[in-house]
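The structure appears right after this line, and notes come after that.
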Amino acid sequence: MGYDEEFFKSEEFQDLLKRYESSVEEGNPLFLDSDDYVDIADYYNYTGNYDKAEELVDRGLEYYPNDTLLNVFKARQALADNDFELAEKYAETIEDKDAPDYHYLKAEIMIAKGQKDNADDYLVDLLSDMPTDELADYIKDVANLYLDYDNDGKAYEWMMRSQDDKTDDFKELMGRALLGIGKYKDSQKMFNELIDQDPYSTKYWNALASAQYLDQDYNAAVTSSEYALAIDPKDPQGLLSKANGLYQLGNYKDAIEFFTRYLDVAEDIDNDTLVHIFEEMALSYSEIGNTEEALKTLDETSDLECDANAIKVVRAHILLTAGRNDEAAELFGQAVLNSNADPDIVVRCVVSMLDNGLVEESYTSFKAFLSEDKNRNIRTGHAYMALCCYELGKDKEFLKYLNKSVEYNPVEARTVLGSLFPKDMQPSEYYDYMKKNLKNKK
């Protein structure tokens, strides 16, 4: 569920929050409108104070047991726990069955249960009865629902029903949808238009930085994050965006600084983000020659939910970079064995060896892996195999794996092999371009 960060920063909301928290401290809780209960609960969820949010909504339901938004809040909590029966109970408790939020909740329950086609049919049926003056808002709300469930393609499909909408809300949602379906430059255009209207929005600068980062324009992503930080030096997303960009640019010392600053100010960091940060910090320490600090930082993942075999590969990479080849080889072997030769783990091992200059070893290992029948159709790693072949001068095999990488995983092909081609060339053009160049070289 997305949150309105700008609203949380507004004077209106901050005044409400202050009055409410002061009343709680004094032991005389403030009586609120139902919308106010939800706004403050959303804020508590946003800042990671989940118990406070639940307590507040439960108090609100004592006064407004059939309120739409309070029951939607509880239903969404139930959905987060995969308790569909409880979510449906809260939905049916809502008195106003004509309220748009009731219908969005019904559709959301279907989506969460995996009934995506039923949900879309339900939402399309409602579209036909929608008053003209409510149509644009309805389309944006549906698109936002799909974005919350990472169905960016469906969100984009719905947004295309309202192409005449020129509002900032529409542009923001379209920018997010375009980002999700890989149209990074179009997404950047949307967020640049929003920034022209509101150049002091950290939200828009950070969204632009994300689009630039995914477009592999890391210098531009760092610059955009710096604009966000100029507006708010403690903006968590700006700090994280800059850290990620600096890491990709190889500015490891500064990347560590900004990852650390992010960890200091962020109030609620999800598990996957923490794993990502500790991995990149560990690799950054490794790159600047501080092996012990790298291993110590990687140890921070031990209390987190993560793939133990993937962490073994990172640890092996750090040891390999430090020249501790025997220790690294043992960990690589453990990771591959314990994961049942999971393709992702094998590819990570090959990439590590390749990054450390062991091109021949990488080529031999990955070719053996791909030769097994069960691995003939895996859709990842071919770009790295192509790079091995390119560096070893194996032109025929290079073209073979280049073709597979473009067919199976064009994003990986661009990331790994893009430097071999003109900057704006699409992966679909790589094979013909390289075939012609290699022919001319001969």
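From a predicted model like this one, the values you see are computed outputs, not experimental measurements.
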[X] side, atom [atom1]; [Y] side, atom [atom2] - distance, nearest 0.5 Å:
X      : Y      : atom1 : atom2 : answer
Leu240 : Phe258 : CG    : CZ    : 12.0 Å
Cys349 : His317 : SG    : NE2   : 11.5 Å
Tyr43  : Leu56  : OH    : CG    : 13.0 Å
Leu16  : Lys18  : CG    : NZ    : 12.5 Å
Leu239 : Lys234 : CG    : NZ    : 10.5 Å
His382 : Glu407 : NE2   : CD    : 9.0 Å

[X] vs [Y] side-chain heavy atoms within contact, under 4.5 Å:
X      : Y      : answer
Asp42  : Phe8   : yes
Thr380 : Tyr408 : no
Leu283 : Tyr247 : yes
Ser405 : Leu417 : yes
Asn71  : Leu61  : yes
Ile378 : Phe369 : yes
Leu17  : Tyr44  : yes
Ile111 : Tyr146 : yes

Please determine whether a side-chain nitrogen of the Lys or Arg among [X] and [Y] lies less than 4.0 Å from a carboxylate oxygen of the Asp or Glu.
X      : Y      : answer
Lys400 : Glu397 : no
Lys203 : Asp235 : no
Asp120 : Lys116 : no

Would you name the heavy atoms of [X] and [Y] that are closest together and state the gap between them?
X      : Y      : value
Pro199 : Ile231 : O-CD1, 3.7 Å
Ala91  : Lys106 : CB-CD, 4.3 Å
Leu145 : Ala107 : CD2-CB, 4.1 Å
Arg176 : Asp152 : O-OD1, 4.5 Å
Leu30  : Tyr37  : O-OH, 4.1 Å
Ala53  : Asn45  : CB-OD1, 3.7 Å

For residues 336-343, which side-chain donor-acceptor pairs fall under 3.5 Å, sequence neighbours excluded?
unit_1	atom_1	unit_2	atom_2	d
Asn338	ND2	Gln334	O	3.2
Ser339	OG	Ala335	O	2.8
Ser339	OG	Val336	O	3.2
Ser339	OG	Asp342	N	3.3
Asp342	OD1	Asp344	N	2.9
Asp342	OD1	Ile345	N	3.4

Applying salt bridge (charged side-chain N to carboxylate O under 4.0 Å, His left out), run through Arg19 and Asp15 and close with a yes or a no.
CA-CA 6 Å; Arg19 286 191 292 113; Asp15 177 64; 3.3 Å; yes
With [X] via salt bridge (Lys or Arg N to Asp or Glu O under 4.0 Å) - residues at least two apart:
X      : value
Asp165 : Lys140
Lys312 : none
Glu193 : Lys171

Derivation and outcome, side-chain contact (heavy atoms from CB on, under 4.5 Å), residues Glu429 and Phe421
CA-CA 9 Å; Glu429 304 173 84; Phe421 301 90; over 6 Å; no
Examine the side chains of Asn49 and Thr47 and answer whether a donor and an acceptor come within less than 3.5 Å of each other.
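On atom types as modelled, these side chains qualify, holding a pair under 3.5 Å.
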Donor on one side chain, acceptor on other, Thr415 and Gln216, under 3.5 Å:
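Yes, a side-chain donor-acceptor pair sits under 3.5 Å.
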Answer yes or no: is there a donor N or O on one side and an acceptor on the other, between the side chain of Asp217 and the main chain of Gln212, under 3.5 Å?
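No; judged by distance alone, with no hydrogens or angles, the pair does not exist.
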Mind checking what makes side chain to side chain contact (heavy atoms under 4.5 Å, CB included) contact with Thr260, not counting sequence neighbours?
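For Thr260, the residues satisfying side chain to side chain contact (heavy atoms under 4.5 Å, CB included) (neighbours in sequence not counted) are Ile256, Asp264, Met281.
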Look at atom [atom1] of [X] and say whether more than 12 heavy atoms of other residues, nucleotides or ligands are closer to it than 6.0 Å.
X      : atom1 : answer
Lys97  : NZ    : yes
Tyr218 : OH    : yes
Glu95  : CD    : no
Lys89  : NZ    : no

Using the salt bridge (charged side-chain N to carboxylate O under 4.0 Å, His left out) rule, take Asp215 and Arg414 through it: C-alpha gap first, then chi angles, then the decisive distance, then the call.
CA-CA 10 Å; Asp215 199 31; Arg414 186 181 178 206; 3.3 Å; yes
What pairs meet the salt bridge (Lys or Arg N to Asp or Glu O under 4.0 Å) rule with one or both residues in residues 250-260, with sequence neighbours excluded?
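As it turns out, the salt bridge (Lys or Arg N to Asp or Glu O under 4.0 Å) pairs with a partner in residues 250-260, which skip direct neighbours, are Glu257-Arg261.
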Can you tell me which residue pairs pass the ring-ring contact (aromatic ring centres under 6.0 Å, His included) test with a partner in residues 160-209, sequence neighbours excluded?
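Passing the test, one end in residues 160-209: Trp205-Tyr227.
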Below 3.5 Å, can you tabulate the donor-acceptor pairs from side chains in residues 80-88 to any protein atom, sequence neighbours excluded?
unit_1	atom_1	unit_2	atom_2	d
Asp83	OD1	Leu86	N	3.1
Glu88	OE2	Lys113	NZ	3.1

With a cut-off of 3.5 Å and sequence neighbours excluded, list every side-chain donor-acceptor pair involving residues 267-280.
unit_1	atom_1	unit_2	atom_2	d
Asp268	OD1	Tyr50	OH	3.3
Asp268	OD2	Tyr50	OH	2.9
Asp270	OD1	Asp272	N	3.1
Asp270	OD1	Thr273	N	2.9
Asp270	OD1	Thr273	OG1	3.1
Asp270	OD2	Thr273	OG1	2.9
Asn271	OD1	Glu305	N	3.0
Asn271	ND2	Glu305	O	2.5
His276	NE2	Asn244	OD1	2.9

With sequence neighbours excluded, tell me which residues meet ring pair (Phe, Tyr, Trp, His ring centres under 6.0 Å) with Phe7.
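In terms of ring pair (Phe, Tyr, Trp, His ring centres under 6.0 Å), with neighbours along the sequence ignored, Phe7 is linked to Phe13.
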For side chain to side chain donor-acceptor pair (under 3.5 Å), just list the numbers for Ser241 and Gln237, CA-CA rounded to whole Å, side-chain angles, deciding distance to a tenth of an Å, and then say yes or no.
CA-CA 6 Å; Ser241 292; Gln237 188 56 51; 3.2 Å; yes
Tell me the side-chain hydrogen bond (donor to acceptor under 3.5 Å, both in side chains) pairs involving residues 57-66, sequence neighbours left out?
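Of all non-adjacent pairs touching residues 57-66, those that pass side-chain hydrogen bond (donor to acceptor under 3.5 Å, both in side chains) are Tyr20-Arg59, Glu55-Arg59, Asp58-Lys74.
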Using distance only, find each side-chain donor-acceptor pair of residues 122-138 under 3.5 Å and give its atom names and separation, not counting sequence neighbours.
unit_1	atom_1	unit_2	atom_2	d
Tyr122	OH	His103	ND1	2.7
Ser128	OG	Asp125	O	2.6
Tyr138	OH	Leu123	O	2.7

